[in-house]
Amino acid sequence: ISTLSRMDKNADLFSAVLELRSVEECRRFFDDLCTPTELESLADRWRVAQLLSKGIPYRTIYDKTGVSTATVTRVARALAYGQSGYRMMLERIGKKSKNA
């Protein structure tokens, strides 16, 4: 599947996510959408991105989270060369924390 057709295919899902209005709604939607293992994997990747953005070494992240070094490397690669999605959300959440 090309990148464009994959984006078209995912547009309905992304639009649905944009309609979520609270953490509780997100939890309910993602609990229905994902298996527990899939949801745990997503949460692990997000945690790894947060730790990497703080400059924590790969090995420490592995020791602290139990996430495989392959996943840590994959998230690091996405932070460095991906679509900037992790960075965008890390910055957005960081700004919210500073304003709170």
Side-chain angles (χ1 to χ4, degrees):
I1 298 177
S2 72
T3 301
L4 183 57
S5 62
R6 197 168 43 232
M7 289 185 341
D8 291 342
K9 182 179 176 182
N10 296 335
D12 285 342
L13 173 61
F14 299 151
S15 293
V17 169
L18 289 172
E19 294 298 320
L20 297 168
R21 297 184 179 139
S22 68
V23 171
E24 177 58 19
E25 285 187 3
C26 270
R27 187 197 60 74
R28 290 170 47 202
F29 180 71
F30 279 93
D31 278 349
D32 285 348
L33 182 66
C34 300
T35 66
T37 301
E38 290 167 336
L39 192 53
E40 184 177 347
S41 293
L42 292 171
D44 285 346
R45 290 181 203 138
W46 178 239
R47 181 72 179 132
V48 168
Q50 293 171 309
L51 295 170
L52 286 169
S53 74
K54 294 176 182 177
I56 297 176
Y58 288 27
R59 183 64 191 189
T60 303
I61 293 171
Y62 168 77
D63 291 340
K64 187 173 191 165
T65 65
V67 173
S68 74
T69 53
T71 296
V72 176
T73 301
R74 194 173 306 119
V75 172
R77 190 175 318 122
L79 278 166
Y81 306 110
Q83 299 294 313
S84 300
Y86 282 130
R87 292 244 179 253
M88 175 184 60
M89 293 312 299
L90 289 164
E91 289 172 11
R92 200 170 286 171
I93 289 170
K95 287 178 185 175
K96 276 187 175 181
S97 296
K98 290 178 185 174
N99 292 333

Not counting sequence neighbours, which residues clear salt bridge (charged side-chain N to carboxylate O under 4.0 Å, His left out) with Asp63? List them please.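 For Asp63 the salt bridge (charged side-chain N to carboxylate O under 4.0 Å, His left out) partners, ignoring immediate neighbours, are Arg59.
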
Is it the case that one hydrophobic cluster holds both Met89 and Val17, taking links as side-chain heavy atoms less than 4.5 Å apart, direct or via other members?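 No, no single cluster joins them.
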
Would you kindly confirm whether Met88 and Leu51 end up in one hydrophobic cluster when ILVMFWY residues are joined by side chain heavy atoms under 4.5 Å apart?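 Looking at the clustering, Leu51 is in the same group as Met88.
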
Leu79 and Leu90, any side-chain heavy atoms less than 4.5 Å apart: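 Yes, their side chains come closer than 4.5 Å.
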
Identify the heavy atoms of Val48 and Val72 that sit nearest to each other, and give their distance.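 Nearest heavy atoms, Val48 then Val72: CG1-CA, 3.9 Å.
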
Residue pairs fulfilling side-chain hydrogen bond (donor to acceptor under 3.5 Å, both in side chains) with at least one residue in residues 39-54, sequence neighbours excluded: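 Those involving residues 39-54 do not exist here.
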
Pairs in or reaching into residues 67-83: which pass side-chain hydrogen bond (donor to acceptor under 3.5 Å, both in side chains), with residues at least two apart or in two chains?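 Only Ser68-Thr71 qualify under side-chain hydrogen bond (donor to acceptor under 3.5 Å, both in side chains).
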
For residues 21-30, tabulate all N or O donor-acceptor pairs below 3.5 Å that involve a side-chain atom, not counting sequence neighbours.
from  : atom 1 : to    : atom 2 : distance (Å)
Ser22 : OG     : Glu24 : N      : 3.4
Ser22 : OG     : Glu25 : N      : 3.0
Glu24 : OE1    : Arg27 : NE     : 3.2
Glu24 : OE2    : Arg27 : NH2    : 2.7
Glu25 : OE1    : Arg21 : N      : 2.7
Arg27 : NH1    : Asp31 : OD2    : 2.7

Candidate pair Val75 and Ile61, rule side-chain contact (heavy atoms from CB on, under 4.5 Å), full reasoning: CA-CA 12 Å; Val75 172; Ile61 293 171; over 6 Å; no

List for me each residue that meets side chain to side chain contact (heavy atoms under 4.5 Å, CB included) alongside Ala76, sequence neighbours excluded, and say none if there are none.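 Partners of Ala76 by the side chain to side chain contact (heavy atoms under 4.5 Å, CB included) criterion, ordered by chain and then number, come out as Leu52, Tyr58.
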
